[in-house]
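First the structure, in the form of structure tokens, and then the observations on it.
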Amino acid sequence: MDDLQNIAEKICTMEIRGAGRIAVAASAALRDYARTLSSLNIDEFNAKIEKASKTLVDTRPTAVSLPNAVTLTKRHSATNVYDAIDEIVKNSESFIKNAEEALDKIGRIGAQRIHDGDVIMTHCNSHAALSIIKTAFDQGKDISVVATESRPRRQGFITIRELNDYGIPTTLIVDSAVRLTMKKVDLVVVGADSISVNGALINKIGTSQLALAAQEARKNVIVAAETYKFSPRTLLGEIVEIEDRASEEVIDPEILTELPNVKVSNPAFDVTPAEYIDLMVTEAGAFPPAMAYMIIKEYLGIELEI
Ligand code: RI2
């Protein structure tokens with residue numbers, strides 16, 4: 001359980017971050033934990049797996065990739081522990097393999113929408129969005145990127161380093177320069193933490209501002225998302241919880257103690273309604289956001305997480 005606690009801690013503190021990465025890390029942690037439980041009877045085993053699953057899922061509330069990964073990993077129909085471990089290990093291996101392959105497929109499908117000469121704006125640091133950008137570049141397209149800083153944690157710095165190392169010309173902007181800069185951009189490509197059944201995107205705080213500015217400037221917005229980032233629970237009317245993070249991410253705590261009348265609000269994600277999104281690129285194809293229900297039904301099944 002120590003190793004699993006350690007992974008949970010790293011997800012909480014965002015040492016492991018990105019909706020896809022936390023899902024893969026959680027699945028692997030649950031797999032490795034299951035392997036340590038072979039001396040238990042099946043009821044004890046199931047109880048331990050449930051507890052461990054909750055520990056992992058409780059780390060971050062917004063990215064549905066996390067509960068989806070845990071649910072897909074932990075389910076088994078075995079009546080003895082050895083078979084249960086075997087099923088969980090297989091589930092995890094298949095989830096992780098599919099997640100890796102999905103990134104490649106998203107890259108190939110999404111790159112079709114990128115043309116020679118395009119300037120692409122992206123936000124935060126999304127492996128799925130970067131897969132599209134890098135694939136287009138690999139195809140020899142002459143592209144460049146505008147990357148937002150993405151306050152407060154500045155994941156944009158991870159993006160610019162990655163793009164720099166890949167040789168892709170990149171411009172860093174502060175988040176408040178999005179609207180002004182949109183005029184020079186051809187399209188927006190972002191990732192996803194969750195997508196609800198009505199096609200709304202929940203992604204890093206500030207994403208909805210990119211989408212608003214893009215719509216005003218008549219630029220397309222493409223969302224890159226593996227199918228496991230769609231939320232089955234929204235089918236039951238559930239709202240995706242927006243994670244509120246610590247004030248220390250925004251302001252030095254010492255400065256804050258000098259300001260007794262000031263409090264800090266630090267929502268980590270925002271919601272972009274479907275009407276601001278032109279296309280969702282998944283490993284199963286590119287769809288308009290109105291088809292989110294179909295993705296949930298076909299690729300996740302409505303029994304997930306319910
Ligand atoms: P990939 C990240 O969340 C960002 O919001 C990013 O757009 C999203 O996950 C998807 O990232 P955070 O963990 O799965 O930085 O595409 O809060 O890498």
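It should be emphasised that the depicted structure is a prediction, and the values quoted were computed from it without experimental measurement. Just follow the structure's listing: the first ligand is 1, and inside any ligand the first atom is 1.
- The distance from ligand 1 to the heavy atoms of N203 drops below 4.0 Å at these ligand atoms: 4 (C), 5 (O), 6 (C), 7 (O), 8 (C).
- Contact annotation for H123 and ligand 1: no heavy atom of the residue comes within less than 4.0 Å of the ligand.
- Atoms of ligand 1 found under 4.0 Å from any heavy atom of C124 (numbered from 1 in listed order, with element): 4 (C).
- By the 4.0 Å N-to-carboxylate-O rule, E162 lies close enough to K134 to be salt-bridged with it.
- Looking from atom 16 (O) of ligand 1 to the surrounding protein, the closest heavy atom is S126 OG, 2.7 Å.
- Neither the backbone nor the side chain of R21 has any atom closer than 4.0 Å to an atom of ligand 1 (non-hydrogen atoms only).
- Atoms of ligand 1 lying under 4.0 Å from any heavy atom of G20, numbered from 1 in the order shown and given with element: 14 (O).
- By the criterion of a heavy-atom distance under 4.0 Å, the side chain of Q155, and not its backbone, is placed next to ligand 1.
- Where the criterion is an N or O separation shorter than 3.5 Å, residue side chain and backbone included, G18 meets it with respect to ligand 1.
- Residue contact check: R60 has heavy atoms under 4.0 Å from atoms 12 (P), 13 (O), 17 (O) of ligand 1.
- For ligand 1, the atoms sitting less than 4.0 Å from at least one non-hydrogen atom of F269 are 3 (O), 5 (O), 17 (O), numbered in the order shown with element in parentheses.
- Side-chain contact between V64 and R233 is absent, with no heavy atoms from C-beta onward closer than 4.5 Å.
- On a distance-only criterion, A129 and ligand 1 share no N/O pair closer than 3.5 Å.
- For atom 18 (O) of ligand 1, the closest non-hydrogen atom on the protein side is H127 ND1, 2.5 Å.
- Looking from atom 17 (O) of ligand 1 to the surrounding protein, the closest heavy atom is K204 NZ, 2.6 Å.
- Between D175 and Q209 the shortest side-chain heavy-atom distance does not fall below 4.5 Å.
- Contact check for T282 versus I295: side-chain heavy atoms found under the 4.5 Å cut-off.
- Clustering ILVMFWY residues whenever any of their side-chain heavy atoms sit less than 4.5 angstrom apart, transitively, puts L187 in the very cluster that holds F137.
- Y33 is listed as a side-chain neighbour of L37, based on a closest heavy-atom distance under 4.5 Å.
- Residue R17 approaches ligand 1 through these ligand atoms, each under 4.0 Å from one of its heavy atoms: 2 (C), 12 (P), 13 (O), 15 (O).
- When non-hydrogen atoms are compared, ligand 1 lies under 4.0 Å from the backbone of A192 (N, CA, C, O) but not from its side chain.
- From the protein, the heavy atom lying nearest to atom 5 (O) of ligand 1 is D193 OD1, 2.6 Å.
- Annotation: Y228 is in aromatic contact with F95 [ring centroid separation under 6.0 Å].
- Atoms of ligand 1 lying under 4.0 Å from at least one heavy atom of K229, given by number and element, are 1 (P), 14 (O), 16 (O).
- Residue E226 has no nitrogen or oxygen atom sitting less than 3.5 Å from a nitrogen or oxygen atom of ligand 1, judged on distance alone.
- Residues V271 and S196 are not in side-chain contact: their nearest non-hydrogen atoms beyond the backbone lie 4.5 Å or more apart.
- At least one N/O-N/O distance between A19 and ligand 1 falls below 3.5 Å.
- Using a 4.0 Å cut-off between charged nitrogen and carboxylate oxygen, E243 and R245 count as a salt-bridge pair.
- Residues D270 and N203 have side chains not in contact (no heavy-atom distance under 4.5 Å, counting atoms from C-beta outward).
- Cluster membership check: I277 does not share its hydrophobic cluster with I109, using side-chain heavy-atom separations under 4.5 Å among Ile, Leu, Val, Met, Phe, Trp and Tyr.
- In this structure, N125 is part of the shell of residues with a heavy atom less than 4.0 angstrom from ligand 1.
- S27 pairs with exactly one of T73, N91, D32 by the side-chain hydrogen bond (donor to acceptor under 3.5 Å, both in side chains) rule, that one being T73.
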